[in-house]
Amino acid sequence: MLTYRECLKQAIQEALQGDERVFLLGEDVGRYGGAFAVSKNLLQEFGPERILDTPLSEAGFVGAGIGAALGGMRPIVEIMTVNFSLLALDQIANNAATLLHMSGGQFNVPLVIRMSAGIGKQLAAQHSHSWEPLFAHLPGLRILSAGTHQDARYMLAPALLDPDPVIIFEYTSLLNLEKELSEAADAVDISKASVRREGKDISLITYGTGVYKALEAAEELATAGIEAEVLDLRILRPLDDDTIMASVSKTNRALLVEDASRSVSISSEVSTRIMEKCFYELDAPVARLCGAEVPIPYPKHLEDAAVPQPAQIVSMVKKILQHD
Amino acid sequence: MLTYRECLKQAIQEALQGDERVFLLGEDVGRYGGAFAVSKNLLQEFGPERILDTPLSEAGFVGAGIGAALGGMRPIVEIMTVNFSLLALDQIANNAATLLHMSGGQFNVPLVIRMSAGIGKQLAAQHSHSWEPLFAHLPGLRILSAGTHQDARYMLAPALLDPDPVIIFEYTSLLNLEKELSEAADAVDISKASVRREGKDISLITYGTGVYKALEAAEELATAGIEAEVLDLRILRPLDDDTIMASVSKTNRALLVEDASRSVSISSEVSTRIMEKCFYELDAPVARLCGAEVPIPYPKHLEDAAVPQPAQIVSMVKKILQHD
Amino acid sequence: MAQTPKSTTPLSPEQARKLLHQMILVRRFEEKAAEMYTKTKIRGFLHLYIGEEAVAVGVLQALRAEDNVLATYREHGHALVRGIDPGKIMAEMYGRLEGCSRGRGGSMHLFDSKTKFYGGNAIVAGHLAMAVGLALADKKMKRDQLTCCFFGEGAMAEGAFHEAMNLAALWQVPVLFVCENNLYAMGTALRYTHAQTNLELKGAAYGIASSSVDGMDLLAVMQAANMAAEAVRSTGQPHFLVCNTYRFRAHSMFDAELYREKSEVEEWKKRDPIPGFLNYLMQQQVLTDVEFKNIETQVEKEVQDAVDFAETCSWEPVEELTRYTYSERKS
Amino acid sequence: MAQTPKSTTPLSPEQARKLLHQMILVRRFEEKAAEMYTKTKIRGFLHLYIGEEAVAVGVLQALRAEDNVLATYREHGHALVRGIDPGKIMAEMYGRLEGCSRGRGGSMHLFDSKTKFYGGNAIVAGHLAMAVGLALADKKMKRDQLTCCFFGEGAMAEGAFHEAMNLAALWQVPVLFVCENNLYAMGTALRYTHAQTNLELKGAAYGIASSSVDGMDLLAVMQAANMAAEAVRSTGQPHFLVCNTYRFRAHSMFDAELYREKSEVEEWKKRDPIPGFLNYLMQQQVLTDVEFKNIETQVEKEVQDAVDFAETCSWEPVEELTRYTYSERKS
Ligand SMILES: Cc1ncc(C[n+]2csc(CCOP(=O)(O)OP(=O)(O)O)c2C)c(N)n1
Ligand SMILES: Cc1ncc(C[n+]2csc(CCOP(=O)(O)OP(=O)(O)O)c2C)c(N)n1
Ligand SMILES: [Mg+2]
Ligand SMILES: [Mg+2]
C-alpha cells in the first residue's frame, strides 16, 4: 500500500536518479520538504543543485524553467498549487506553448510543470481551484491529470521524455489516500485515456478526483444491477477521442463528471465531441455533473456541495437509465 | 456611417461625461491616443485625472482598478490587447471575481475591463489570441463580446452600471469597418443574446468576429434558398440559454462559429447545453467551426486558414442540411 | 515633516492598558484558535501571528477609523486590533454564518466593511495593487485617509510588489506599505528569497521613502508607524516600512519546521514582545500588577466568549451556496 | 575585475570597417524594410531600430558565438549583427517559408538556432526569465558562456523584470541584462513609466552590478559592453547595463507620434550614431573615403540581394499550418 504522496515522491526520485539533466525547482520544494511533504528529504538526498528552492516568483521560475529546458536541461517545475499558476500563465501560453511553432520548428521546450490542484481541504476561494479547463484550451501544451496512484507514480517519466511542455495536475485531496500499486507497466502511455472499470450500461467519463468517486459510484450501481464503465481521460489535451467514442458506442450513454466548474469545462468539450462523433448511437443526451459555478467557500458542507459526490453520480445515472 | 473604432470612442466619451467616478486607465490610452487610436484626444478633452496612462504593469493596474472600484470609483481598465491579459488573470480570477462571495456579500467590485482581441492583422502567435473561452470559465465575471457596431457603441454604459466585474472583448480586425448605427436602443440589455438575422433552416450561433462573417454567409445561403438564423451570443458568461434554445427549437439544427481554438471553447459549452436541453429537437448533430488548434502564424494565407471563413460556413451549412 | 511621534511622549495609563490588552488578546485568541484547530473545530489553513503582535498593534494604532486596511492570510491579529468583534472572527474560523465573512472565508479571509478591513488575502502579494487602487480612489475623491497594506518579506519577491510600489510612487497615492519581515517565507529563509537582503533598500528603486524598525519592540514600532503614517498623510505619498520580526510558531498547522533550528526559535522567544512591553510598563509604573491581572482575566473572558459565541452560531444553508457570486439586483 | 576593454586600444582598420559595415547595414536594411512595408510586402507590426544601432552593434561585438542572445520585437538589428543572413531575415518579414522562422514569426519573431538567437519576443519583458533559465542551464552544464538579454526601459516596469533580476542574482548566473533606454515605451515617456528614472539604481535593489552608457556612442557602448561581459564571464554573476539611446522613427508603423515634439527628435538626430562613428574613424584615419564608399555600395547590394531573395521565396503550404505545434516524433 502506498499513499498518493509517496507515489509522487518516488516518481520524482526515479527521475532525478535516471537523468542528471533533471532537476526540481519551485517554492519550498527543498528545505521545507514541499508544501505537502511530497519532496521531503529530496534535498538531503540530491543536494541543492538538483532540488532548487525558489522565491515567490511563479512567473519568474516558470520562465526560468522554460529557458533551462531550451538550454538542454529537463526541469521539473513545481507550482505549489494551481491556485498560483495564473501568475505564470503568460509564460506557459505565450512562451512554452508557442516557441516551437513560432520558431518554425527550431526551439522545442521539454519542460514538465507539476501542480497540486482541486478542492477538499477547506482552503476557501483562493486555494480551491480546479483550472484544468483553462490549460486544456491552449494549443502546444500536453495536459495530464493524475487521477490514480498508478498515474501519480508513472506519469512523470514519460512526461519528461516528451520533447514539448507537459503539465501534470496532481490532487491535494488524494495525498494521504493509500492504494495498492499494480507492478509498473513499462512506459506508461501519455496519449491514451484508460477504462478503469468495464461496463455496458453507461460511460462515466471523468478525470482527476472524479476517478475514484466514479469508481465508488459504479460499485454502488452494480449492487443495483447497473454496469457503469468508468473512463479516466488522463490526458486532457489532446483528448483521446478513440477511447471515448469506443466506450460511448458500446454503452450508448454517458455521464461526464468533474470538479471544475461547469461552463466551458473539460466535460463540455467531451460532450460536444460525443455529439459530433456518436450522435446517432446515443440513447439519451450526454449529461454532466460538474462543480458549482461559484468561488469555493470554506465550510465543509458547502465545499462538499460545490462538487459532484458519488451519491449524486448514482442518482443521476439512475435517472438517465430510466430515461428510456 | 461610423467605424467600430468611433463607436468605442463615443461610448467611452459618453461614460466619462455621464459619471465623474468613471476614469480610463491603461497603457498608452492618453498621450499616445490609444494603441488603436480609440481614445485619441480624450486626454485633451478630459485631462490626466480621467485618462490615466499606466506603465507596463498589467497585473498592477488591473489590481489598482479593482481597488479603485472597491473605493467607489468606476474605472474602465483598458488592457491594450487580450494577449497581455494573462499577466492580470490572477487579479481578475482571485480578486475581482471572488471578493464579493468570499467576503459574504460585503465587497462588490464594479470594474469594467476592456480589451482588444482576435486575429486578422498578421500580428503572429503572441499577438493574435482569442481567449474568450478562458474568461468565460470563471464564476463571478460577466463576459461581453462586442461583435457589432451597435454593441461597441452601447455595451459600455450598462457594463458600468453593473455592480460586479465586467469584461468587454473588442475586436482589432473590426476597428476600421464602417456601419450604420440604428438609433440608440435605450439601456442595452447585457443579459441577452441577440438574433441578428431570422431564419428557419439552421441556427448559426456565434459571437465577436463571427457575427459579420455569419451574416455574410447567411446572405450567400439565402441565394441558395437556405434561411439561416444568425444568433450573436453577446454575453459569453453567463450564457443566455433561453435565446439559444428558442432558436434551435425553431431551426432544429445548429452550427457554432468562433475564432477561438476548438477545444474547451465557447462553442463546446453551447453545443453541450443544446445537447442537454434540446437533444430531442435536433435533426442533426450540432456542428462547430472553430479556430485551428495552433499558435497563429504571421502570413495572411495561414492566418486566414486558422479561423473560420464565410465560405466554410456556407459549405458546412449545406453539408448539414443535406444530412437528412 | 513628521510631528513628534506619540510614543515618545510617555504612555498614559489608559493607553498602556489598551495596548497591552491588545497584545495579550491577540496572543491568547490565537492560542485558543490553535487549540480549536486540534479539536477540529477550525479546519483548512491556520497561520498564527504569535511573536509578531507588536507589528499589528504598533502600526494599527497609528491609523484612523476612515483608513483602509489590507492584510494577508496571517491576519487574526490585525482583524482583532482593528476592532472586528472576536466572536465574529472566531465564528468565521468555525465557518459559521455569523462570522465576519459569513463563514465563507475562514481564517485566511476575514473581511469587515465597517472597519474597512479588506481581507484576509491569500494570494501572496495579490492585495498590494488593490491597496494602491483604494488609495487612488481616496485621492480622486479627495478623502483625507490612507491605505495601510501588510505583507511578508516573501511577498516582495513577487512581480506584484514591484508593480504596486512603482504605481504608488508614480501616482503619488497615500499607501503605507508595511513589510512584516519574519525572516521566512514558509520554509524559505530571507537570503534564499532576496539577493538584496537589506529590504529597506528596495524602496529606493521606486523613489519611495523607507524606514525599518525592530518589530519586537512595540514602542519602536509605534514610533516608526506614527512617523510613517504622518509622512503619508502630510505628503500624500507612499511610505515603505519594514518591521523586523519573527514567527514563533510553524508557518501553518501543516508545517514540520524542518528549515530552522529550535534553538533559533528559542533565541527569538527571549525577545517576545509581550513580556518586553509588560516589563517596560512596570518599570515606568504606568501599570500595576493588579491591572495586569485584570487584563489577563478580561482577555481570558473575551476569548472564551468568542468561542462560546462561535459554538452557538449556525451553518449557512446549502441553498445559499451560490448567493453573492454576483450582486443581488434589487428589482 | 575587468580586463582593459578592447575599444580603448585603437580600432584596427579591419575592425573599423566591420563595425561601420554593421551600423550601416542595420540602418539601410530597416529603411528598406520600411519601404517594403509601405509597398505592403511586409505586414503586421514593424518596429524600427533606427537611431539605436550603436547599442546592438556595440553590445554584440562583446559576445562569442556560443553565447545566447534574446531580444525584443525591435530586433532586426540584433539579428543582422548576430549574423543571421539578411535574406533570411527579409524573407521572414515577407512571411516566406525560407525565412529564419519559416515565415511564421515575421518581424517580431526572428529565431535562429545556429547563432543561438532566441527571438524576437513580443510580450514585453516575457523573455527575461527565459534568459535566466538559459544561463542556469549553462551553469549547471558547466558551459563557459553567457546569456545576453535586450529589453526596453518600459519592460522594467513589469513584474517580470523584478523576478528575473532577483532570480539571476540569487542563482548567480551569467546574464548580461541590457536595457535599451530609448526614453519611450510606445507613447509613454520614461517619467511616466518609472517613479525612479535613474534606471541604473534599480540594479542595487537586487545586488546586481550595474552600469550605464551613452547608447549613441558606439565606442562607449563597446567599452561598457566589454567590461560588463568580462565581469559576467569572470564572476559568473549577472550584470545590468543601461544604454541611453533614442528611437528616431515611430514606435511601429501604426504610431502617429502624438506624444513627442518633432524638435525633440531633431535634437537627438544630431547625435546619430552613424555619422558620429564615421567622423571618428575619418579623424583617426583608420578609414578612407574610398573604403566608406565601398561599404555603402556593398551594403546596398546586400540589402537589395535580401529583397531579391525574399521575392523569390515560397509560401508555406496551408497543409502545414499546424506542423510543429508539437514536435514531430520520429517513429
Ligand atoms: C502567489 C502565491 N504563491 C505561493 C503561495 C503559498 N504560500 C502561502 S504563504 C507563503 C509564504 C509567504 O511568506 P511571506 O510573504 O514572508 O509571509 P509570511 O507567511 O512569512 O507572513 C507561500 C509561499 C501563495 N499563497 N501565493
Ligand atoms: C506585456 C505587454 N504589454 C504591452 C505590450 C504592447 N507594447 C508593445 S511594445 C510596448 C512598449 C515597450 O517599450 P520598451 O520596453 O521601452 O521598448 P521599446 O519599444 O521602446 O524598444 C508596448 C506597451 C506588449 N507587447 N506586451
Ligand atoms: Mg515571512
Ligand atoms: Mg523604450
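- For chain D, the nearby part of C:Phe161 is the side chain; its heavy atoms alone come within less than 4.5 Å.
- C:Glu261 CD: 12 or fewer foreign heavy atoms inside a 6.0 Å radius.
- Rounding to the nearest 0.5 Å places OH of D:Tyr206 at 6.5 Å from NZ of C:Lys202.
- Both the backbone and the side chain of C:Leu170 come within less than 4.5 Å of a heavy atom in chain D.
- Other residues, nucleotides and ligands place no more than 12 heavy atoms under 6.0 Å from the CG atom of C:Asp144.
- Proximity to chain D (any heavy atom under 4.5 Å) is shown, for C:Ala157, by both the backbone and the side chain.
- Contacts between C:Thr197 and chain D at a heavy-atom distance below 4.5 Å are absent for every atom of the residue.
- Listed here is the closest heavy atom pair of C:Thr193 and D:Asn166: O-ND2, 2.8 Å.
- For the pair C:Gln196 (side chain) and D:Ala205 (backbone), a donor-acceptor distance under 3.5 Å is absent.
- Here the options are D:Glu158, D:Met156, D:His162, the test is side chain to side chain contact (heavy atoms under 4.5 Å, CB included), and the partner is C:His162; only D:His162 passes.
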